[in-house]
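Working notes, structure below.
Lettering follows sequence order; numbering is per chain, from 1.
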Number of protein chains: 2
Amino acid sequence: MKLTNKGRYAVMAMADLASNAKDGPISLTEISLRQNISLAYLEQIFLKLKNNKLVRSSRGANGGYVLEKPASEIKLSNIIYAVDEEVKTLNCKKNSKRGCNNKSTKCITHNLWDQLDQHIIGFFEKVKLQDLAKLG
Amino acid sequence: MKLTNKGRYAVMAMADLASNAKDGPISLTEISLRQNISLAYLEQIFLKLKNNKLVRSSRGANGGYVLEKPASEIKLSNIIYAVDEEVKTLNCKKNSKRGCNNKSTKCITHNLWDQLDQHIIGFFEKVKLQDLAKLG
DNA sequence: AGGAATTCCTACTATTTTAGTAGGGATTAA
DNA sequence: TTAATCCCTACTAAAATAGTAGGAATTCCT
C-alpha cells in the first residue's frame, strides 16, 4: 500500500476543510497556512481530490474549495485512494521473473499480503471524515 | 510502515525454511532457487534474521540455516521487524517545519496513523510462521 | 592437504519513488 | 484592471529500495 505523506496531507487538508467550513469556499492559501503544507503541493493534491469528486472548486478571487458531500459521507479510503491511486501493499510484478509469479507454491505470501491490504482498506473504510474533524 | 519486497522476501524465505525442513540445515542456494530470489540478496536478509535470533546458521560446506525456534513460535511481526527495522507507517518528522509537529491541532491525522500502525502490527502479531507453511 | 560449498560482511550502485518546486495560463470578484 | 485564486504540466532534488560485487572465513569431503 502506498501510504505516504501525500496521503496524509490529503487527509489533513480534507479534515481542515471539514472543520473550518464557512459560508463560502476555502482557499488553499488558508489551508496551506493552517496545516503548513506548501501551496503548490496542495494544488496538486486538490486537483486529484477534485477529479475524484470529493471537493468542488470555484475559481477566481474569493474562490476555493468546499466538500462535495457531507463529511459524514466521505470515507478516508476515498481520500487515500484519490491521491495515492493504488491501495495495495505490493504488486507481485506481472512480468518479473523474480519473486511471485502468482502460480502454485512460488509466492506463499501472496494471499497474506492480500489479506493485509483488506485489513488496511477496512480500517480506512470505517472512518469518516466527520470522525476526524471531531479530533481537530 | 515500511513494508517492502525485502520484508516479503524475508517472510517467503522463512516459510520456505519452515516447510522444507529436513535433517540438516538448508542452504541459501536452495532457497534462492525455490523462491527465485537472488542469493546475494538472501544473504543480506538472513544476516538480519540471524541477528534477530530467528534462524541459526552453520558455516562451511553443507552449511545453511535452520529455524531457531519452532515455526509455531515465530510471529510474522518478528520477521518483518527484523528486516525492515521500523514498523511505523510514517514518522511525523521531528525537526521539520512542515506537517505534523505533534502539538495541538496541527496534525489531526497523527493519532489516526498511530492507530493504523497498531492495526497492521496486530495483524502480523496474530499470524505465525506455522500458519503460512500450511499454505505452501 | 586441497578444493568446493557455504556463511559472513561491507561497500557500492542503479532505479524508482517521493516530495516538492516552478511557471505560466484561465477565471472571477471587487 | 488588478489581485486572488484555481488549473495544469513539467521539472528536479532527495531519499529509499533493490540488488550487485567482491572478498574473507569456515567447514566438509575426498
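Relative orientation of the Y41(A) and Y9(A) rings is perpendicular, given thresholds of 30° and 60° on the angle between their planes.
An OP1 or OP2 oxygen of dA18(D) is reached within less than 4.0 angstrom by a side-chain nitrogen or oxygen of T4(B). Using a 4.0 Å cut-off, no side-chain N or O of N5(A) falls inside it from OP1 or OP2 of dT18(C). Residue Y9(A) places no side-chain N or O under 4.0 Å from the OP1 or OP2 atom of dA19(C). S38(B) has a side-chain polar atom (N or O) that falls below the 4.0 Å cut-off from OP1 or OP2 of dT20(D). Within the structure, a side-chain polar atom (N or O) of K50(A) is placed less than 4.0 Å from OP1 or OP2 of dC7(D).
Remark: P of dT7(C) and CG of N51(B) are 15 Å apart, rounded to the nearest angstrom. Rounded to an integer number of Å, the gap from Q44(A) CD to dC8(D) P is 13 Å. With rounding to whole Å, E30(B) atom CD is found 12 Å from dA5(C) atom C1'. Following rounding to the nearest Å, L28(B) (CG) and dG19(D) (P) show an atom-to-atom distance of 16 Å. Atom CD1 in I31(B) sits about 13 Å away from atom C1' in dT6(C), given to the nearest Å. Whole-Å rounding puts the I45(A) CD1 to dC8(D) P distance at 16 Å. Taking atom CG of L39(A) as the reference point, atom P of dG23(C) lies 15 Å away to the nearest angstrom. At whole-Å resolution of the value, CG in L42(A) and C1' in dA4(D) are 16 Å apart.
Among dT6(C), dT21(C), dG19(D), the nucleotide with an atom closest to any side-chain atom of A40(A) is dT21(C). Nearest nucleotide to the Y41(A) side chain, out of dA18(D), dT10(C), dA19(C): dA19(C). Residue E43(B) places its side chain closer to dG22(D) than to any other of dT5(D), dT21(C), dG22(D). Among dG19(D), dC6(D), dC8(D), the nucleotide with an atom closest to any side-chain atom of L47(A) is dC8(D). Closest to the side chain of S57(B), from the set dT7(C), dG20(C), dG23(C), is dT7(C).
Place S58(A) and G7(A) on DNA chain C by their nearest nucleotides, and G7(A) ends up nearer the 5' end.
Under the 3.5 Å distance criterion, the side-chain polar atoms of S32(B) are left unmatched by any main-chain donor or acceptor of L28(B). The backbone N or O of K75(B) lies less than 3.5 Å from a partner atom in the side chain of N78(B), making a donor-acceptor pair. Side-chain atoms of D131(B) come within 3.5 Å of backbone atoms of K128(B) as a donor-acceptor pair (strictly under, hydrogens ignored).
One distance of note links CG of N52(B) with CD1 of I74(B); it measures 11.5 Å at 0.5 Å rounding.
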Go through it in stages, so that I can follow the logic: the residues are K48(A) and E43(A), the test is salt bridge (charged side-chain N to carboxylate O under 4.0 Å, His left out), and I'd like the CA-CA distance, side-chain angles, deciding distance and then a yes or no. CA-CA 9 Å; K48(A) 296 192 172 192; E43(A) 286 180 343; over 6 Å; no
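The number of heavy-atom neighbours closer than 6.0 Å to NZ of K69(B), taken from other residues, nucleotides and ligands shown, is above 12.
Contacts between residues 59-66 of chain B and DNA chain D, defined by a heavy-atom separation under 4.0 Å, are made by R59(B), G60(B), A61(B), N62(B).
Using a 4.5 Å cut-off on side-chain heavy atoms (C-beta onward), S77(A) and E125(A) make contact.
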